[in-house]
Amino acid sequence: MKRFLALYAGAAYLFLYAPLFVLGVFSFNASKIAAWRGFTCNWYAKVFHDPALLDGTMNSLTIALVATIVSTIIGTLAGYALWKKRLPWLTNSLYLSLLTPEIVTGISLLAFFEWAFHFLHVQLGMHTVILAHISFSLAYVVIVILARLRTLDPALEEAALDLGANEWEVFRRITVPLLLPGIIAAALLCFTVSFDDYVITSLVAGVNSETLPMIIYAMARKGVSPEVNALSVMITMGLGVFILVAGRLEQRA
Amino acid sequence: MKHLRAAFLAPGVAVMAILFFAPLLIVLAYSLLTRGAYGGVVPPWTGESYARVFDPLYGEILYRSVWIAGVSTALCLALGFPLALYIARAARHKGLLLNLVMLPFWTSFLIRTYAWMFLLRDTGLINSMLLSLHVIREPLPLLFNTGAVILGLVYGYLPFMVLPLYATLEKLDPYLLDAAADLGAAPFVTVWRVVVPLAKPGMVAGCLLVFIPCLGAYLTPDLMGGGKTVMAGNLVQNQFTTARDWPFGAAVSLVLMVLVLVVTRALMRRTEELL
Amino acid sequence: MFLRYIVVYEVDKVLELRALTKHYPNHHALKGISFSLTQGEFFSLVGPSGCGKTTTLRLIGGFEEPTSGEITLAGRPVAGLPPYRREVSTVFQNYALFPHLTVAQNVAFGLERRNGVTRSTIRNRVEQALALVQLSGKEARKPNQISGGERQRVALARSLVVEPKVLLLDEPLSALDPKLRKQMRQELKSLQRRVGIAFLFITHDQEEALSLSDRIAVMNQGSIEQIGKPRELYQEPTSRFVAEFLGEVNWVNGAGIRPEAIRVSKENPANGARSVAGVVESSTFLGNVTHLAARLPNGANCTAQLPLNGCTFELGEPVHLWWDASDELRVSA
């Protein structure tokens with residue numbers, strides 16, 4: 001039994017990692033077709049000289065950064081308020097937004113923006129993408145923050161109040177520092193979810209707001225491209241390093 | 001305290017109201033209107049779009065979505081259970097083993113899908129290898145079919161199954177396994193009669209976490225399912241872009257959401273019963 | 001005749017451990033222990049926590065394999081046999097009742113694993129087993145719906161119903177509160193007499209072991225210090241460890257004397273008894289007895305256990321403590 005499970009687990013990990021590993025290996029393939037023709041780093045060089053890709057990366061980073069900062073702040077405040085007093089309708093709405101299929105969130109935001117533009121005379125673009133990302137990542141933040149708050153001893157806040165701090169000071173000096181690992185974890189989740197999103201983004205993006213996942217999607221549709229392989233490896237590595245560093249920060253906080 | 005709490009809640013409530021509920025209301029309104037000549041919506045109000053969701057042509061897509069999501073969930077459960085059991089029973093490095101399962105979740109879903117496309121395409125790695133070894137003459141149709149969609153979904157959502165399963169299995173009293181063995185139960189019997197029943201809450205939670213995103217999946221069927229409209233998610237996208245029939249797309253969206261809610265409610269009830 | 005005696009004697013040993021050792025990477029849990037159980041015997045393994053008694057039980061149960069040595073069950077070696085093929089059954093410390101099964105399903109679990117046991121047989125045997133432990137009528141309850149004492153009895157019924165050659169009990173009474181523990185002790189003993197199965201009982205409570213066992217093995221740091229009948233061990237311990245583990249001992253000039261063997265008087269008794277002078281330091285009334293502590297001239301303390309009305313001494317009063325030479329414990333170390 002033990003041996004069966006160990007063998008099985010080995011196979012399962014292979015299943016999880018082999019595709020990504022193969023992708024990585026073939027990002028160094030000298031040929032454009034999926035057969036090994038020698039080692040090259042050309043595809044990586046090509047990625048760095050593709051202006052569309054660089055623009056897309058900048059767009060993705062900007063969107064993810066802004067959306068993460070805004071959602072994390074709003075979500076932390078809301079999570080704290082929900083911890084103080086439960087509001088089932090708000091919690092349930094947040095869960096509902098998590099359960100909603102991405103495509104439905106995407107088209108409803110698209111319909112909403114198009115409708116609103118009748119009155120506001122603006123166009124789809126980076127701002128709509130950012131708003132959409134704030135909308136779908138808020139629930140992640142609140143849930144992570146609430147989970148973290150539940151491990152907090154309420155007596156600490158009471159002690160601070162008892163020592164003469166007002167509510168804002170308690171929040172600022174006691175709760176936020178204690179909550180910092182949770183806030184970092186929430187921001188981390190937000191950033192990766194935002195950076196990775198294709199479905200919603202592609203629906204609410206306008207001209208000049210093409211993101212990295214949108215470019216990868218377009219390339220993936222076209223066929224095998226070692227450039228996408230190289231790009232994928234860099235994104236995966238980049239996210240990996242980012243998560244590692246953020247994880248360390250979270251532990252230290 | 002009251003003022004502070006209200007101030008803390010306000011931005012969150014505003015985001016939910018403006019960027020979640022208002023769009024949903026608009027979709028609801030659109031679903032009850034008539035298709036405009038050049039896209040968009042026009043009066044009169046009608047329930048016709050909902051009738052069309054259930055007509056055989058489109059009903060089949062809805063039915064297929066449920067079926068694909070169900071098969072993918074079952075496969076995730078079958079594949080994830082032994083893995084979760086292995087990690088929960090591992091003597092050392094439990095955290096590492098679990099993180100290794102969760103790690104792909106942190107890397108891009110799109111890239112993970114692309115990785116499989118790279119393997120399965122007609123010009124992909126598996127076919128070109130088999131061709132060059134003269135095992136086959138024509139590329140095997142590995143991609144762009146329902147099987148490929150299921151593979152993509154299982155690959156994408158397996159971590160969601162393993163995590164809750166691990167959480168319940170990890171809490172399992174190891175003496176229960178000893179007791180079962182002591183009473184004459186062979187290892188597989190112990191798993192079937194003791195471990196599986198006790199892991200039910202985790203199984204239900206895992207199924208929920210996998211089935212819901214699978215049911216509303218768009219990207220995987222779009223990329224790995226080929227040109228056909230495979231699942232409800234693709235139907236929605238298709239109606240809002242190429243077909244430009246917004247009322248119908250909106251109706252399908254809402255039916256999909258109701259389906260998601262019904263399944264969630266049912267599985268949550270089951271979890272509460274079990275706990 | 002002699003041969004037959006040997007055969008009978010050998011078969012009579014339902015369980016035998018020979019030179020059993022168990023080494024872990026940085027810990028020698030068992031350093032070669034040997035003992036055997038005869039049919040129907042109530043045998044206890046006692047010792048402080050970490051002495052290796054639970055390891056011994058797990059080796060017999062088949063949850064772990066020994067580093068060296070042999071275990072035979074009814075004359076057959078069991079090396080390599082997994083737990084589910086061994087004809088022993090364990091009552092776990094926390095009972096390990098399956099929380100998703102009812103009382104009756106828990107008890108039936110082991111029987112269902114056997115081939116060729118019909119449903120009606122299972123039903124009858126479960127019924128009998130539950131009647132044996134006085135749990136008739138609670139068949140349909142789940143483990144979390146019954147009391148701690150009842151859970152203990154379910155665990156007993158579940159193990160007894162498979163008719164093991166030896167029943168292994170891992171501190172089964174330790175999870176109960178003290179009052180219930182005393183009651184269950186009586187029940188356990190009478191149950192064991194009725195079923196006639198050998199019990200291997202593990203405890204760190206010497207009183208439990210003394211009151212229940214036919215024989216006791218005292219363990220210390222992975223070895224057996226002494227094996228014998230309760231009275232033997234209590235009155236003739238071969239080591240200081242055994243003497244002290246099984247009860248209080250006063251060490252006076254190298255000889256051990258149990259507090260209840262000491263008498264106290266104001267005058268030196270000139271009857272040839274051993275005696276020592278001391279000063280009363282404290283006296284503690286415990287209801288049925290009184291504990292009197294006296295300080296001896298060499299600074300050591302000596303405790304005597306006096307009958308209800310036996311203590312009429314003042315604090316600081318000089319007294320003589322005396323005992324029969326035959327009551328002295330003679331230990332080697």
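Convention: sequence-line order gives letters A, B, ...; per-chain numbering from 1. Everything numeric here is computed off the predicted structure, so don't read it as measured data.
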Salt-bridge contact Asp182(B)-Arg86(C) (side-chain N to carboxylate O under 4.0 Å) = no
inquiry  = Please report the interatomic distance CZ(Phe63(C)) to CG(Asp178(B)), rounded to the nearest 0.5 Å.
reply    = 4.5 Å
query = Which bit of Pro174(B) is near chain C, if near means a heavy-atom gap under 4.5 Å: side chain, backbone, both or neither?
reply = neither
inquiry  = Are more than 12 heavy atoms, taken from residues, nucleotides or ligands other than Met268(B), located less than 6.0 Å from that residue's CE atom?
reply    = no
message = If you count every heavy atom of other residues, nucleotides or ligands that lies below 6.0 Å from Phe21(B) atom CZ, does the total exceed 12?
response = yes
query = Hey, is CD on Glu60(B) packed in by over 12 heavy atoms from elsewhere, all under 6.0 Å?
reply = no
request  = Please state whether the side chain, the backbone, both or neither of Arg114(C) comes within less than 4.5 Å of a heavy atom of chain B.
outcome  = neither
query = Do you know which of Ala180(B), Ala185(B), Pro187(B), Pro197(B) has the most heavy-atom pairs under 4.5 Å to chain C?
reply = Ala185(B)
task = Answer yes or no: is there a side-chain heavy-atom contact under 4.5 Å between Val189(B) and Arg113(C)?
result = yes
key: Heavy-atom proximity to chain C below 4.5 Å, by part of Val194(B)   = both
key: Crowding at CZ, Arg194(C) (>12 non-hydrogen neighbours, <6.0 Å)   = yes
Enclosure of Lys200(B) NZ (heavy-atom neighbours >12, cutoff 6.0 Å) = no
Under 3.5 Å, side-chain donor or acceptor atoms of residues 93-101 of chain C against the rest of the protein: list the pairs with distances, not counting sequence neighbours.
residue   : atom : partner   : partner atom : Å
Gln93(C)  : NE2  : Ser174(C) : OG           : 3.3
Tyr95(C)  : OH   : Pro172(C) : O            : 3.4
His100(C) : NE2  : Arg193(B) : O            : 2.8

